[in-house]
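Note on naming: letters A, B, ... go to the chains in the order of the sequence lines (proteins, then strands), and numbering restarts at 1 for each one.
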There are 2 protein chains.
Amino acid sequence: MGEKGSLRTTLHRHGLRVTPQRQLVLDAVRELGHATPEQVCRQVRDTAHAVNITTIYRALDVLEEIGLVRHTHLGHGAPTYSADEHEHVHLVCHRCGEIDEVPCDLLDDLAELLRRRRGFELDATHLALSGTCRACRGPEGADHPERAVEETR
Amino acid sequence: MGEKGSLRTTLHRHGLRVTPQRQLVLDAVRELGHATPEQVCRQVRDTAHAVNITTIYRALDVLEEIGLVRHTHLGHGAPTYSADEHEHVHLVCHRCGEIDEVPCDLLDDLAELLRRRRGFELDATHLALSGTCRACRGPEGADHPERAVEETR
DNA sequence: TTACATGCAAAGTCTTTGCATATTG
DNA sequence: CAATATGCAAAGACTTTGCATGTAA
């Protein structure tokens with residue numbers, strides 16, 4: 001059992017235990033694509049009614065430490081967690097809140113630039129880029145304050 | 001009074017009042033370069049002892065609405081505000097927490113790419129890029145867990 | 001049986017809101 | 001005077017901590 005066993009294996013490698021809660025949290029993150037701790041909690045509770053939000057936070061921390069999940073700050077409020085195999089850069093629309101995803105390699109050139117000019121090693125997997133999505137820019141590319149959402153904060 | 005009058009002028013244009021607090025908050029943001037509401041508050045209080053943190057938040061909101069300041073989420077916790085004339089992209093080291101700044105135009109190519117491929121209009125002025133700074137990568141480019149800070153969150 | 005996990009409650013940040021008071025135009 | 005801004009206190013969102021209890025190697 002290769003891929004599927006990676007939670008058990010990885011936890012063991014770190015001297016940590018495999019628990020139903022941790023398994024459920026990982027499953028939830030994988031299913032949801034990207035989700036806040038709150039959202040993960042709701043998903044987990046569909047299966048295990050009694051899991052505490054504290055446990056969700058702790059499980060996410062553990063899973064992040066061992067490299068199975070990762071979080072990104074998409075702007076205001078809670079961060080979103082996603083599975084490590086699910087690499088992408090987030091495009092966050094500060095107009096409507098929509099989140100799009102693009103492959104990390106779009107940033108290769110930028111990463112190279114930063115490395116050379118600043119010695120900075122960009123981590124594209126943690127990234128959120130804010131701006132205005134196609135829908136909000138409108139068909140004519142004009143200003144469309146359709147359902148303005150308060151600025152991303 | 002050209003540049004310097006822009007707070008008064010801009011507030012008026014928006015039907016808002018010029019108050020000492022707003023002036024102080026703007027001054028603080030300009031002096032500090034980039035700062036959290038908390039830091040702005042401390043700075044303001046050097047001059048006006050009694051200003052309430054709530055007022056700082058509200059002043060920052062107003063100043064942002066009228067376009068004189070802008071905020072960025074550098075990772076975990078409080079956002080940082082900076083003056084609009086002070087445009088740059090933040091490079092946040094998730095190792096040591098150091099914040100470097102680079103000109104926005106480094107992102108021109110990426111912006112063009114996103115515009116063409118996704119219809120996404122990147123707002124480079126809001127940006128924080130996370131990664132590892134030169135110092136933390138070490139002279140040899142190796143792993144230097146000198147003063148590891150818990151992951152940017 | 002010992003080390004690690006969980007649940008629960010309480011506390012901690014950071015931020016917003018409601019309302020009375022004060023201030024500006 | 002009338003519209004806004006401020007201060008203060010309370011509440012709200014999100015997260016962490018302490019500690020007793022539970023559970024697996």
Whole angstrom value for the distance that separates P of C:dC4 from NE2 of A:H14: 15 Å

Under 4.0 Å protein heavy-atom contacts per nucleotide of nucleotides 18-25 of chain D, with B for base, S for backbone only and - for none: B----BB-

Sugar-phosphate only, base, or nothing, as touched by B:E38 at under 4.0 Å among non-hydrogen atoms: nothing

Under-4.0 Å side-chain N/O to phosphate OP1/OP2 contact, B:N52 with D:dT6: no

Residues which pass side chain to side chain donor-acceptor pair (under 3.5 Å) with B:Q43, listed by chain and number, not counting sequence neighbours: B:E31

Residues forming a salt bridge (charged side-chain N to carboxylate O under 4.0 Å, His left out) with A:R58, sequence neighbours excluded: none

Toward the 5' end of DNA chain C, by each residue's nearest nucleotide, B:P37 or A:Q21: A:Q21

A:V89 with A:V29, same ILVMFWY side-chain cluster at under 4.5 Å: no

Touch class at under 4.0 angstrom, heavy-atom based, for A:L16 against every strand present: sugar-phosphate

Phosphate-side-chain proximity, B:T19 and D:dA5, N/O vs OP1/OP2 below 4.0 Å: no

Spacing of B:I56 atom CD1 relative to D:dA5 atom P, expressed in whole Å: 15 Å

Spacing of A:E65 atom CD relative to C:dA5 atom C1', expressed in whole Å: 14 Å

Separation of atom CG in B:L60 from atom P in C:dT16, rounded to whole Å: 10 Å

Distance, rounded to the nearest Å, where A:I53 contributes CD1 and C:dG12 contributes C1': 16 Å

Parallel, tilted or perpendicular: rings of B:H90 and B:H34 (30°, 60°): perpendicular

Rounded interatomic separation in angstrom, taking CD from A:E64 and C1' from D:dT15: 14 Å

Euclidean distance, atom CG of residue B:L63 to atom P of D:dA5 [Å, nearest integer]: 12 Å

With B:Q39 via side chain to side chain donor-acceptor pair (under 3.5 Å) - residues at least two apart: B:T36

Partners passing salt bridge (charged side-chain N to carboxylate O under 4.0 Å, His left out) against A:E112 (at least two apart in sequence or in another chain): A:R115, A:R116

Below 4.0 Å: OP1/OP2 of D:dT15 and any side-chain N or O of A:Y57: yes

Partners meeting ring pair (Phe, Tyr, Trp, His ring centres under 6.0 Å) with B:H86 (sequence neighbours left out): B:H88

Touch class at under 4.0 angstrom, heavy-atom based, for B:A59 against every strand present: nothing

Distance, rounded to the nearest Å, where A:H73 contributes NE2 and C:dT13 contributes P: 18 Å

